[in-house]
Number of protein chains: 2
Amino acid sequence: MDKPPDNDVCSNKDLLAVRDALDVLSGKWKLQILIALLNGAIRFKEIAKQVDGISDRMLSKELKELEANQLVKRKVIDAFPPIVEYKATSHTKSLHTVIYALKEWGYFHRKKILGK
Amino acid sequence: MDKPPDNDVCSNKDLLAVRDALDVLSGKWKLQILIALLNGAIRFKEIAKQVDGISDRMLSKELKELEANQLVKRKVIDAFPPIVEYKATSHTKSLHTVIYALKEWGYFHRKKILGK
DNA sequence: TTTAGTGCTTACTAAAAGTTTAGTAATAAA
DNA sequence: TTTATTACTAAACTTTTAGTAAGCACTAAA
């Protein structure tokens, strides 16, 4: 028997796209880091302060992933002590729609589960 | 120094809501299971067949989590061999908006990363 | 001279998530 | 009698993810 064609709620390609989006926000820290950046945090240590509990190691790692996804732009300024600027990009801002949808549904879900 | 008030892109409460929504879709299998259900799959083994590669253990575990979040309704029909029906709920359907937003951004992101 | 600050990296550990293999009761078909 | 089916569960295992502790180069302040 062959597989049926993809006239489904969500095709296999769609599934991959959804997963791509989820992956970008996956893990314990990325969302918080992005929010810190959208709110204007710039330097490594500044982000570390805003994202409560994160270790240098994790922050460094997550920033690299975000950079690979063009959600963070890194700029080194030659100074002592070193200054490294991290900034949100236009691509980061395009995430707003997604975060908004997640947020709205999150509130809706909580009402549903905790009883209206 | 006190914490500043939450006049940010995303307040702490908002963050929790976003995370709640993400948690509901977290893990390797939940999204695929939900899609299978939205497409009409009903019985345990039917879902297992549609969700390629999942083990019985994982399916059972994930279905329980989804049920706890009211995203799946379980109904046992007393028969031999046993019949257990799994169905999407209205709450599942409310997730559509979120999944759609993720999907759209996922495609957009792919274009961005792979070069337009 | 010791200390602190900056943006990291390395090595290691712990915890969470997922996989594999096997097994259950009850029945019916081969 | 052996095998298959259904909807699971249990134990042992591996993989992935996250956390902890330390250290590096460099400089300025205490």
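Letters go in sequence order (proteins before strands), and every chain restarts at 1. What you see below is based on every heavy atom in this structure, not just the backbone, and it leaves out hydrogens, waters and symmetry mates.
One can place CG of B/Asp78 at 12 Å from P of C/dA26, the figure rounded to the nearest angstrom. Taking atom CG on A/Asp56 and atom C1' on C/dT9, their separation rounds to 10 Å, with Å as the unit. Straight-line distance from the CD atom of B/Glu62 to the C1' atom of C/dA16: 13 Å, rounded to whole Å. When the P atom of D/dA7 is taken as reference, atom CD of B/Glu67 falls 14 Å away, rounded to whole Å. In this structure, the CD atom of A/Glu85 is 14 Å from the P atom of C/dT6, given to the nearest Å. Nucleotide C/dG7 holds its P atom 8 Å from the CD1 atom of A/Ile83, rounded to whole Å. At whole-Å resolution of the value, NZ in B/Lys75 and C1' in D/dA7 are 17 Å apart. To the nearest angstrom, C1' of D/dT9 lies 14 Å from CG of B/Leu63.
Side chain of A/Lys61, nearest nucleotide from D/dA18, C/dG7, D/dT6: D/dA18.
Considering only heavy atoms from C-beta on, B/Leu95 comes within 4.5 Å of B/Leu25 through its side chain.
Neither OP1 nor OP2 of D/dT6 sits under 4.0 Å from any side-chain N or O of B/Tyr86. Applying the 4.0 Å criterion to OP1 and OP2 of C/dG7, one finds that A/Arg43 has a side-chain N or O inside that range. Residue A/Trp29 has a polar side-chain atom (N or O) positioned under 4.0 Å from OP1 or OP2 of D/dG19. The phosphate of D/dT9 (OP1 or OP2) has a side-chain N or O of B/Ser60 nearer than 4.0 angstrom. In this structure, A/Lys28 reaches the D/dG19 phosphate: one of its side-chain N or O atoms is under 4.0 Å from OP1 or OP2. Contact annotation: B/Lys64 side-chain N/O to D/dT9 OP1/OP2 distance is under 4.0 Å.
Nearer to the 5' terminus of DNA chain C, by closest-nucleotide assignment, is the contact made by A/Glu46 (compared with the other of A/Glu46 and B/Pro82). For B/Met58 and B/Lys49, each mapped to the nucleotide of DNA chain D holding its nearest heavy atom, the one lying further toward the 5' end belongs to B/Lys49. When each of A/Phe80 and A/Ser55 is assigned the nucleotide of DNA chain D bearing its nearest heavy atom, the one mapping closer to the 5' terminus is A/Ser55.
Under the 3.5 Å distance criterion, the side-chain polar atoms of B/Lys49 are left unmatched by any main-chain donor or acceptor of B/Lys45.
Looking at every heavy atom in both residues, A/Trp105 comes nearest to B/Val98 through CB-CG2, 3.4 Å.
Not counting sequence neighbours, the partners of B/Thr89 by the side chain to side chain contact (heavy atoms under 4.5 Å, CB included) test are B/Lys73, B/His91, B/Thr92.
On a pure distance criterion of 3.5 Å, no polar donor-acceptor pair joins the side chain of B/Arg57 and the base of C/dG18.
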Intermediate values then yes/no, side chain to side chain donor-acceptor pair (under 3.5 Å), A/Asp14 and B/Tyr107: CA-CA 8 Å; A/Asp14 288 350; B/Tyr107 280 122; 2.7 Å; yes

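At the heavy-atom level, A/Leu59 lies nowhere under 4.0 Å from the strands shown.
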